[in-house]
Amino acid sequence: MTNVGWFDASSGASGDMVLGALLDAGVPHEVIAGAVAAVAPEPITLHAEAVTRNGFAASQCHVEVGDSETERTWAAIQELIGTADLDAPVRTLALEIFGRLAWAEALVHGTGVENVHFHEVGSLDSIADVVGAAAGIVHLGLAQIGCSPVALGGGTVEIGHGRVGVPAPAVVELLKDAPTYGGPLERELTTPTGAAILASVVTQWGVQPPMTVSATGVGAGGADPVGHANVLRLSVGVSTGSTSSGEGSDGGSALVIEANVDDLDPRLWPDVLTALLEAGASDAWLTPILMKKGRPAHTLSVLAGAEVAAAVRREIFRQTSTIGVREHTFAKHALDRSFTEVELDGHRVAVKLAYLDGELVNVQPEYEDVAAAARKLGRPIKDVLSATAALARGQVAPTTG
Ligand SMILES: O=C([S-])c1cc(C(=O)S)c[n+]([C@@H]2O[C@H](COP(=O)(O)O)[C@@H](O)[C@H]2O)c1
Ligand code: NI
(Lines give C-alpha, C1' and ligand atoms only; values in the text may rest on other atoms or scores of the structure.)
(Ligands and ions follow the chains in the order given, each with its own letter.)
Protein backbone atom coordinates (compact mmCIF):
# COMPACT_ATOMS: atom_id res chain seq x y z
CA MET A 1 0.00 0.00 0.00
CA THR A 2 1.33 3.41 -0.93
CA ASN A 3 0.75 6.23 1.56
CA VAL A 4 -0.04 9.46 -0.21
CA GLY A 5 -1.08 13.00 0.69
CA TRP A 6 -2.81 15.85 -1.10
CA PHE A 7 -2.87 19.56 -0.21
CA ASP A 8 -5.83 21.77 -1.09
CA ALA A 9 -4.02 25.12 -1.40
CA SER A 10 -7.02 27.03 -2.77
CA SER A 11 -6.49 29.53 0.08
CA GLY A 12 -2.72 29.52 -0.26
CA ALA A 13 -0.04 28.23 2.08
CA SER A 14 2.23 29.61 4.79
CA GLY A 15 4.59 27.86 7.19
CA ASP A 16 2.05 28.10 10.03
CA MET A 17 -0.73 26.70 7.84
CA VAL A 18 1.42 23.68 6.90
CA LEU A 19 2.22 23.03 10.59
CA GLY A 20 -1.45 23.39 11.57
CA ALA A 21 -2.50 20.96 8.82
CA LEU A 22 0.14 18.39 9.82
CA LEU A 23 -0.79 18.52 13.52
CA ASP A 24 -4.51 18.35 12.70
CA ALA A 25 -3.87 15.37 10.40
CA GLY A 26 -2.47 13.45 13.36
CA VAL A 27 1.27 14.12 13.43
CA PRO A 28 2.10 13.97 17.16
CA HIS A 29 2.95 17.35 18.67
CA GLU A 30 6.22 15.96 20.07
CA VAL A 31 7.43 14.93 16.58
CA ILE A 32 7.27 18.52 15.38
CA ALA A 33 8.18 20.21 18.68
CA GLY A 34 11.09 17.77 19.21
CA ALA A 35 12.64 18.57 15.82
CA VAL A 36 12.17 22.30 16.35
CA ALA A 37 13.75 22.09 19.82
CA ALA A 38 16.73 20.22 18.38
CA VAL A 39 17.49 23.13 16.04
CA ALA A 40 16.53 26.18 18.10
CA PRO A 41 19.34 27.94 19.98
CA GLU A 42 16.73 29.08 22.52
CA PRO A 43 13.34 27.72 23.65
CA ILE A 44 10.53 27.82 21.10
CA THR A 45 6.95 27.14 22.16
CA LEU A 46 4.68 25.59 19.62
CA HIS A 47 0.99 24.98 20.19
CA ALA A 48 -2.08 24.31 18.11
CA GLU A 49 -5.29 26.19 18.83
CA ALA A 50 -8.73 25.07 17.64
CA VAL A 51 -10.16 28.01 15.67
CA THR A 52 -12.70 28.59 12.91
CA ARG A 53 -12.10 30.18 9.52
CA ASN A 54 -15.26 31.48 7.87
CA GLY A 55 -17.21 28.99 9.98
CA PHE A 56 -14.98 25.95 9.35
CA ALA A 57 -12.98 24.25 12.12
CA ALA A 58 -9.23 24.51 11.72
CA SER A 59 -6.03 24.25 13.70
CA GLN A 60 -3.92 27.38 14.07
CA CYS A 61 -0.30 26.72 14.94
CA HIS A 62 1.36 29.35 17.12
CA VAL A 63 5.14 29.52 17.20
CA GLU A 64 6.45 31.64 20.06
CA VAL A 65 10.10 32.65 19.97
CA GLY A 66 12.28 35.17 21.76
CA ASP A 67 14.38 36.68 18.97
CA SER A 68 12.10 36.66 15.96
CA GLU A 69 13.78 39.84 14.66
CA THR A 70 17.28 38.36 14.33
CA GLU A 71 18.75 38.35 10.81
CA ARG A 72 20.64 35.23 9.80
CA THR A 73 22.78 34.33 6.82
CA TRP A 74 22.09 31.20 4.82
CA ALA A 75 25.42 29.83 6.11
CA ALA A 76 24.30 30.40 9.73
CA ILE A 77 21.02 28.62 9.08
CA GLN A 78 22.82 25.73 7.38
CA GLU A 79 25.04 25.45 10.45
CA LEU A 80 22.04 25.45 12.82
CA ILE A 81 20.12 22.79 10.90
CA GLY A 82 23.17 20.84 9.74
CA THR A 83 24.55 20.30 13.25
CA ALA A 84 21.23 19.69 15.02
CA ASP A 85 20.32 16.26 16.36
CA LEU A 86 17.73 15.47 13.69
CA ASP A 87 16.91 12.29 11.79
CA ALA A 88 18.81 12.46 8.50
CA PRO A 89 15.71 12.65 6.24
CA VAL A 90 14.32 15.51 8.37
CA ARG A 91 17.60 17.43 8.28
CA THR A 92 17.95 16.93 4.52
CA LEU A 93 14.38 18.01 3.78
CA ALA A 94 14.70 21.06 6.06
CA LEU A 95 17.92 22.07 4.26
CA GLU A 96 16.21 21.51 0.92
CA ILE A 97 13.33 23.83 1.88
CA PHE A 98 15.60 26.53 3.29
CA GLY A 99 17.98 26.12 0.35
CA ARG A 100 15.10 26.98 -1.98
CA LEU A 101 14.32 30.07 0.12
CA ALA A 102 17.97 31.14 -0.05
CA TRP A 103 18.09 30.58 -3.82
CA ALA A 104 14.87 32.57 -4.37
CA GLU A 105 16.03 35.44 -2.13
CA ALA A 106 19.38 35.58 -3.93
CA LEU A 107 17.67 35.58 -7.31
CA VAL A 108 15.18 38.36 -6.60
CA HIS A 109 17.78 40.55 -4.92
CA GLY A 110 20.38 39.89 -7.65
CA THR A 111 23.03 38.50 -5.32
CA GLY A 112 24.70 35.17 -4.49
CA VAL A 113 23.23 32.80 -1.88
CA GLU A 114 26.29 33.42 0.29
CA ASN A 115 25.24 37.07 0.58
CA VAL A 116 21.61 36.38 1.47
CA HIS A 117 20.59 37.82 4.80
CA PHE A 118 17.15 36.60 5.69
CA HIS A 119 14.93 39.19 7.33
CA GLU A 120 11.40 38.00 8.08
CA VAL A 121 12.06 34.55 6.62
CA GLY A 122 15.31 34.06 8.56
CA SER A 123 13.87 34.59 11.98
CA LEU A 124 13.55 31.71 14.39
CA ASP A 125 9.86 31.23 13.78
CA SER A 126 10.55 30.60 10.08
CA ILE A 127 13.25 28.09 11.01
CA ALA A 128 10.67 26.44 13.29
CA ASP A 129 8.13 26.38 10.43
CA VAL A 130 10.60 24.77 8.04
CA VAL A 131 12.07 22.20 10.44
CA GLY A 132 8.65 21.38 11.93
CA ALA A 133 7.15 20.91 8.48
CA ALA A 134 10.04 18.65 7.45
CA ALA A 135 9.63 16.51 10.58
CA GLY A 136 5.85 16.23 10.13
CA ILE A 137 6.04 15.32 6.46
CA VAL A 138 8.77 12.73 7.01
CA HIS A 139 6.73 11.30 9.92
CA LEU A 140 3.72 10.69 7.65
CA GLY A 141 5.93 8.61 5.30
CA LEU A 142 4.11 9.75 2.17
CA ALA A 143 5.43 8.21 -1.05
CA GLN A 144 3.68 10.85 -3.15
CA ILE A 145 2.33 14.29 -2.28
CA GLY A 146 -0.10 16.10 -4.56
CA CYS A 147 -1.25 19.69 -4.41
CA SER A 148 -4.01 21.71 -6.05
CA PRO A 149 -3.18 24.88 -8.00
CA VAL A 150 -1.97 27.37 -5.40
CA ALA A 151 -3.93 30.55 -4.62
CA LEU A 152 -1.54 33.46 -4.21
CA GLY A 153 -3.91 36.24 -3.11
CA GLY A 154 -3.68 39.83 -4.30
CA GLY A 155 -3.10 43.44 -3.30
CA THR A 156 0.18 44.50 -1.73
CA VAL A 157 2.20 43.56 1.35
CA GLU A 158 4.79 45.38 3.47
CA ILE A 159 8.06 43.42 3.68
CA GLY A 160 11.67 44.08 4.65
CA HIS A 161 12.20 45.86 1.33
CA GLY A 162 9.14 48.09 1.48
CA ARG A 163 5.72 47.55 -0.08
CA VAL A 164 5.51 44.98 -2.87
CA GLY A 165 2.72 43.45 -4.92
CA VAL A 166 1.30 40.06 -4.00
CA PRO A 167 2.63 37.50 -4.71
CA ALA A 168 5.89 38.62 -3.10
CA PRO A 169 8.87 38.22 -5.48
CA ALA A 170 10.30 35.15 -3.74
CA VAL A 171 6.93 33.36 -3.97
CA VAL A 172 6.85 33.87 -7.74
CA GLU A 173 10.31 32.29 -8.11
CA LEU A 174 9.63 29.43 -5.72
CA LEU A 175 6.44 28.37 -7.50
CA LYS A 176 7.67 28.86 -11.07
CA ASP A 177 7.00 25.24 -12.06
CA ALA A 178 3.70 24.94 -10.17
CA PRO A 179 0.16 25.93 -11.23
CA THR A 180 -0.75 29.17 -9.42
CA TYR A 181 -3.38 31.91 -9.68
CA GLY A 182 -4.11 35.32 -8.19
CA GLY A 183 -6.96 35.75 -5.69
CA PRO A 184 -9.41 34.75 -4.42
CA LEU A 185 -8.75 37.42 -1.75
CA GLU A 186 -6.98 40.80 -1.85
CA ARG A 187 -4.30 39.80 0.64
CA GLU A 188 -1.15 37.68 0.80
CA LEU A 189 -2.28 34.04 0.87
CA THR A 190 0.97 32.28 0.03
CA THR A 191 4.22 33.27 1.73
CA PRO A 192 7.78 32.34 0.73
CA THR A 193 7.99 29.71 3.48
CA GLY A 194 4.71 28.07 2.43
CA ALA A 195 5.80 28.18 -1.22
CA ALA A 196 9.22 26.68 -0.43
CA ILE A 197 7.67 23.81 1.54
CA LEU A 198 5.22 22.98 -1.25
CA ALA A 199 7.91 23.31 -3.95
CA SER A 200 10.14 20.90 -2.01
CA VAL A 201 7.62 18.16 -1.18
CA VAL A 202 4.97 18.17 -3.90
CA THR A 203 5.51 15.45 -6.48
CA GLN A 204 2.35 16.03 -8.53
CA TRP A 205 0.32 19.22 -9.09
CA GLY A 206 -3.39 19.20 -9.90
CA VAL A 207 -6.62 17.64 -8.73
CA GLN A 208 -6.66 15.08 -5.94
CA PRO A 209 -5.28 11.77 -7.27
CA PRO A 210 -7.25 8.54 -6.72
CA MET A 211 -6.84 7.77 -3.02
CA THR A 212 -8.73 6.49 0.00
CA VAL A 213 -8.50 9.27 2.57
CA SER A 214 -8.01 8.13 6.15
CA ALA A 215 -7.23 11.49 7.83
CA THR A 216 -7.50 15.17 7.08
CA GLY A 217 -5.77 18.13 8.65
CA VAL A 218 -6.92 21.72 8.31
CA GLY A 219 -4.33 24.41 9.01
CA ALA A 220 -5.60 27.93 9.65
CA GLY A 221 -4.10 31.07 8.17
CA GLY A 222 -3.59 33.98 10.57
CA ALA A 223 -6.52 36.08 9.35
CA ASP A 224 -10.19 35.14 9.15
CA PRO A 225 -11.55 37.07 6.18
CA VAL A 226 -15.28 36.88 5.51
CA GLY A 227 -16.54 34.83 2.59
CA HIS A 228 -13.62 32.45 2.16
CA ALA A 229 -12.15 29.93 4.62
CA ASN A 230 -8.47 30.86 4.99
CA VAL A 231 -7.20 27.29 5.41
CA LEU A 232 -4.77 24.77 3.93
CA ARG A 233 -6.20 21.26 3.94
CA LEU A 234 -4.09 18.10 3.90
CA SER A 235 -5.71 14.76 3.04
CA VAL A 236 -3.73 11.65 3.95
CA GLY A 237 -4.49 8.10 2.84
CA VAL A 238 -3.51 5.31 0.49
CA SER A 239 -3.26 5.47 -3.26
CA THR A 240 -5.93 3.68 -5.25
CA GLY A 241 -4.57 4.91 -8.55
CA SER A 242 -2.08 2.23 -9.50
CA THR A 243 -3.37 -1.13 -10.56
CA SER A 244 -1.92 -4.18 -8.94
CA SER A 245 0.02 -6.61 -11.12
CA GLY A 246 -1.88 -9.44 -9.50
CA GLU A 247 1.32 -10.57 -7.81
CA GLY A 248 0.49 -9.29 -4.37
CA SER A 249 2.34 -6.12 -5.31
CA ASP A 250 1.56 -2.52 -4.36
CA GLY A 251 2.14 -1.18 -7.91
CA GLY A 252 3.80 2.07 -6.72
CA SER A 253 6.60 3.88 -8.49
CA ALA A 254 10.14 4.85 -7.56
CA LEU A 255 12.98 6.84 -9.02
CA VAL A 256 16.42 5.58 -9.87
CA ILE A 257 18.85 8.49 -9.65
CA GLU A 258 22.21 7.84 -11.31
CA ALA A 259 25.57 9.43 -11.97
CA ASN A 260 28.81 8.19 -13.56
CA VAL A 261 31.73 9.17 -11.34
CA ASP A 262 35.43 8.80 -12.18
CA ASP A 263 37.07 11.21 -9.78
CA LEU A 264 35.99 10.29 -6.24
CA ASP A 265 38.52 8.79 -3.82
CA PRO A 266 37.30 5.15 -3.85
CA ARG A 267 37.73 4.86 -0.06
CA LEU A 268 34.71 7.18 0.30
CA TRP A 269 32.19 4.98 -1.49
CA PRO A 270 31.03 2.78 1.45
CA ASP A 271 30.25 5.88 3.53
CA VAL A 272 28.56 7.57 0.55
CA LEU A 273 26.21 4.58 0.20
CA THR A 274 25.49 4.65 3.95
CA ALA A 275 24.75 8.41 3.86
CA LEU A 276 22.33 7.92 0.96
CA LEU A 277 20.45 5.18 2.81
CA GLU A 278 20.31 7.44 5.87
CA ALA A 279 18.87 10.21 3.68
CA GLY A 280 15.93 7.92 2.91
CA ALA A 281 17.01 5.94 -0.18
CA SER A 282 15.55 2.43 -0.38
CA ASP A 283 18.75 1.12 -1.94
CA ALA A 284 22.07 2.42 -3.26
CA TRP A 285 24.70 0.54 -5.27
CA LEU A 286 27.75 0.87 -7.52
CA THR A 287 28.47 -0.68 -10.91
CA PRO A 288 32.06 -0.64 -12.22
CA ILE A 289 32.23 0.93 -15.70
CA LEU A 290 34.85 2.01 -18.21
CA MET A 291 34.33 5.64 -19.15
CA LYS A 292 35.56 7.86 -21.93
CA LYS A 293 39.35 8.03 -22.32
CA GLY A 294 39.49 4.49 -20.90
CA ARG A 295 38.97 5.67 -17.33
CA PRO A 296 37.79 3.10 -14.77
CA ALA A 297 34.78 4.59 -12.95
CA HIS A 298 31.53 3.73 -11.20
CA THR A 299 27.87 4.29 -11.89
CA LEU A 300 26.17 5.28 -8.64
CA SER A 301 22.53 4.14 -8.68
CA VAL A 302 20.09 5.17 -5.95
CA LEU A 303 16.53 3.89 -5.62
CA ALA A 304 14.28 6.39 -3.88
CA GLY A 305 10.59 7.16 -3.38
CA ALA A 306 9.43 10.52 -4.71
CA GLU A 307 9.02 11.86 -1.16
CA VAL A 308 12.75 11.54 -0.46
CA ALA A 309 14.06 12.20 -3.99
CA ALA A 310 15.01 15.81 -3.23
CA ALA A 311 16.82 14.77 -0.06
CA VAL A 312 18.65 11.96 -1.81
CA ARG A 313 19.62 14.15 -4.78
CA ARG A 314 20.99 16.73 -2.40
CA GLU A 315 23.01 14.09 -0.53
CA ILE A 316 24.50 12.78 -3.82
CA PHE A 317 25.75 16.29 -4.60
CA ARG A 318 27.05 16.79 -1.04
CA GLN A 319 28.82 13.45 -0.73
CA THR A 320 30.23 12.82 -4.22
CA SER A 321 32.11 14.77 -6.86
CA THR A 322 29.37 14.53 -9.49
CA ILE A 323 27.96 17.77 -10.89
CA GLY A 324 24.87 16.21 -12.45
CA VAL A 325 22.46 13.29 -12.10
CA ARG A 326 19.98 11.56 -14.40
CA GLU A 327 16.71 10.04 -13.26
CA HIS A 328 14.19 7.47 -14.44
CA THR A 329 10.84 6.55 -12.93
CA PHE A 330 10.19 2.85 -12.62
CA ALA A 331 7.07 0.89 -11.72
CA LYS A 332 7.73 -0.84 -8.43
CA HIS A 333 6.14 -4.07 -7.28
CA ALA A 334 6.76 -4.93 -3.69
CA LEU A 335 5.40 -7.76 -1.61
CA ASP A 336 3.54 -6.93 1.60
CA ARG A 337 6.01 -7.25 4.40
CA SER A 338 6.25 -7.23 8.18
CA PHE A 339 8.87 -7.83 10.86
CA THR A 340 9.00 -10.31 13.69
CA GLU A 341 11.68 -11.15 16.23
CA VAL A 342 13.08 -14.51 17.35
CA GLU A 343 15.39 -15.43 20.20
CA LEU A 344 18.27 -17.87 19.69
CA ASP A 345 20.08 -18.89 22.89
CA GLY A 346 19.38 -15.49 24.44
CA HIS A 347 20.16 -13.42 21.31
CA ARG A 348 17.39 -11.50 19.59
CA VAL A 349 17.28 -11.47 15.80
CA ALA A 350 14.84 -9.41 13.69
CA VAL A 351 13.28 -11.30 10.79
CA LYS A 352 11.64 -9.80 7.70
CA LEU A 353 8.56 -11.64 6.41
CA ALA A 354 7.16 -11.17 2.89
CA TYR A 355 3.67 -12.16 1.75
CA LEU A 356 2.16 -12.85 -1.67
CA ASP A 357 -1.63 -12.52 -1.53
CA GLY A 358 -1.49 -13.26 2.20
CA GLU A 359 0.75 -16.33 1.82
CA LEU A 360 4.15 -16.24 3.53
CA VAL A 361 6.72 -16.61 0.71
CA ASN A 362 9.93 -15.27 2.24
CA VAL A 363 11.53 -15.40 5.67
CA GLN A 364 14.74 -13.42 5.94
CA PRO A 365 16.59 -12.92 9.26
CA GLU A 366 18.37 -9.54 9.35
CA TYR A 367 21.97 -10.24 8.45
CA GLU A 368 23.56 -7.79 10.93
CA ASP A 369 21.62 -9.35 13.84
CA VAL A 370 22.53 -12.85 12.65
CA ALA A 371 26.23 -12.00 12.34
CA ALA A 372 26.26 -10.40 15.81
CA ALA A 373 24.53 -13.41 17.38
CA ALA A 374 26.89 -15.81 15.57
CA ARG A 375 29.92 -13.91 16.87
CA LYS A 376 28.65 -14.00 20.46
CA LEU A 377 27.64 -17.66 20.27
CA GLY A 378 30.85 -18.72 18.49
CA ARG A 379 28.77 -20.43 15.80
CA PRO A 380 29.06 -20.21 11.99
CA ILE A 381 26.89 -17.47 10.52
CA LYS A 382 25.23 -19.89 8.06
CA ASP A 383 24.00 -22.06 10.99
CA VAL A 384 22.55 -19.08 12.86
CA LEU A 385 20.93 -17.89 9.64
CA SER A 386 19.10 -21.17 9.04
CA ALA A 387 18.25 -21.66 12.75
CA THR A 388 16.66 -18.19 13.09
CA ALA A 389 14.77 -18.60 9.80
CA ALA A 390 13.38 -21.91 11.05
CA LEU A 391 12.42 -20.33 14.39
CA ALA A 392 10.60 -17.53 12.57
CA ARG A 393 8.75 -19.94 10.29
CA GLY A 394 7.62 -21.95 13.32
CA GLN A 395 6.54 -18.77 15.10
CA VAL A 396 4.54 -17.37 12.20
CA ALA A 397 3.00 -20.61 10.94
CA PRO A 398 3.23 -23.10 13.83
CA THR A 399 3.17 -26.71 12.71
CA THR A 400 0.56 -29.00 14.24
CA GLY A 401 0.69 -32.62 15.34
O1 LIG B 1 12.46 39.87 4.25
C2 LIG B 1 12.45 39.63 3.13
S3 LIG B 1 13.87 39.78 2.21
C4 LIG B 1 11.28 39.17 2.46
C5 LIG B 1 11.36 38.90 1.12
C6 LIG B 1 10.22 38.51 0.50
C7 LIG B 1 10.31 38.27 -0.91
O8 LIG B 1 9.42 37.75 -1.49
S9 LIG B 1 11.72 38.75 -1.62
C10 LIG B 1 9.01 38.33 1.20
N11 LIG B 1 8.97 38.62 2.53
C12 LIG B 1 7.72 38.57 3.33
O13 LIG B 1 7.97 38.11 4.62
C14 LIG B 1 6.75 37.71 5.24
C15 LIG B 1 6.92 36.46 5.99
O16 LIG B 1 7.14 35.37 5.11
P17 LIG B 1 7.27 33.86 5.65
O18 LIG B 1 7.58 33.03 4.45
O19 LIG B 1 8.36 33.86 6.66
O20 LIG B 1 5.97 33.50 6.29
C21 LIG B 1 5.75 37.58 4.09
O22 LIG B 1 4.87 38.65 4.14
C23 LIG B 1 6.65 37.66 2.85
O24 LIG B 1 5.99 38.18 1.74
C25 LIG B 1 10.10 39.02 3.17
NI1 NI C 1 13.72 39.53 0.13
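FYI, the numbering just counts along the sequence from 1. Note that ligands are numbered from 1 as they come in the structure, with each ligand's atoms numbered from 1 the same way.
Of the heavy atoms in Ser126, only side-chain atoms (C-beta onward) come closer than 4.0 Å to ligand 1. Within the 4.0 Å heavy-atom criterion, both parts of Thr193, backbone and side chain, lie near ligand 1.
In terms of N/O distances under 3.5 Å, ligand 1 is not approached by Glu158. Checking only distances, Ala170 does come within under 3.5 Å of ligand 1, N or O to N or O.
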Q: List the steps, then state whether side-chain hydrogen bond (donor to acceptor under 3.5 Å, both in side chains) holds for Glu105 with His109.
A: CA-CA 6 Å; Glu105 274 291 310; His109 295 299; 3.1 Å; yes
Q) side-chain contact (heavy atoms from CB on, under 4.5 Å) between Ile127 and Val39: does it pass, once the steps are laid out? A) CA-CA 8 Å; Ile127 295 172; Val39 171; 3.7 Å; yes
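Checking Ser11 against Asn230 by side-chain atom types alone, no donor-acceptor pair falls below 3.5 Å. Residues Thr92 and Arg314 bring no donor and acceptor atom of their side chains to less than 3.5 Å of each other. Side chain to side chain, Gln208 and Ser235 fail the donor-acceptor criterion of an N or O pair below 3.5 Å.
Between Ser14 and ligand 1 there is no heavy-atom distance shorter than 4.0 Å. For the ligand labelled ligand 1, residue His109 lies inside the 4.0 Å heavy-atom shell.
Within the set Thr191, Ile197, Val172, the minimum heavy-atom distance to atom 20 (O) of ligand 1 is found for Thr191.
Salt-bridge formation is detected for the pair Arg313/Glu327: a Lys NZ or Arg NE/NH1/NH2 atom is positioned less than 4.0 Å from an Asp or Glu carboxylate oxygen. Under the 4.0 Å criterion applied to side-chain N and carboxylate O atoms, Asp24 and Arg233 are not assigned as salt-bridge partners.
Near Pro192, meaning under 4.0 Å from any of its heavy atoms, are these atoms of ligand 1: 10 (C), 16 (O), 18 (O), 23 (C), 24 (O). Atoms of ligand 1 found under 4.0 Å from any heavy atom of Val108, numbered from 1 in the order shown, are 9 (S).
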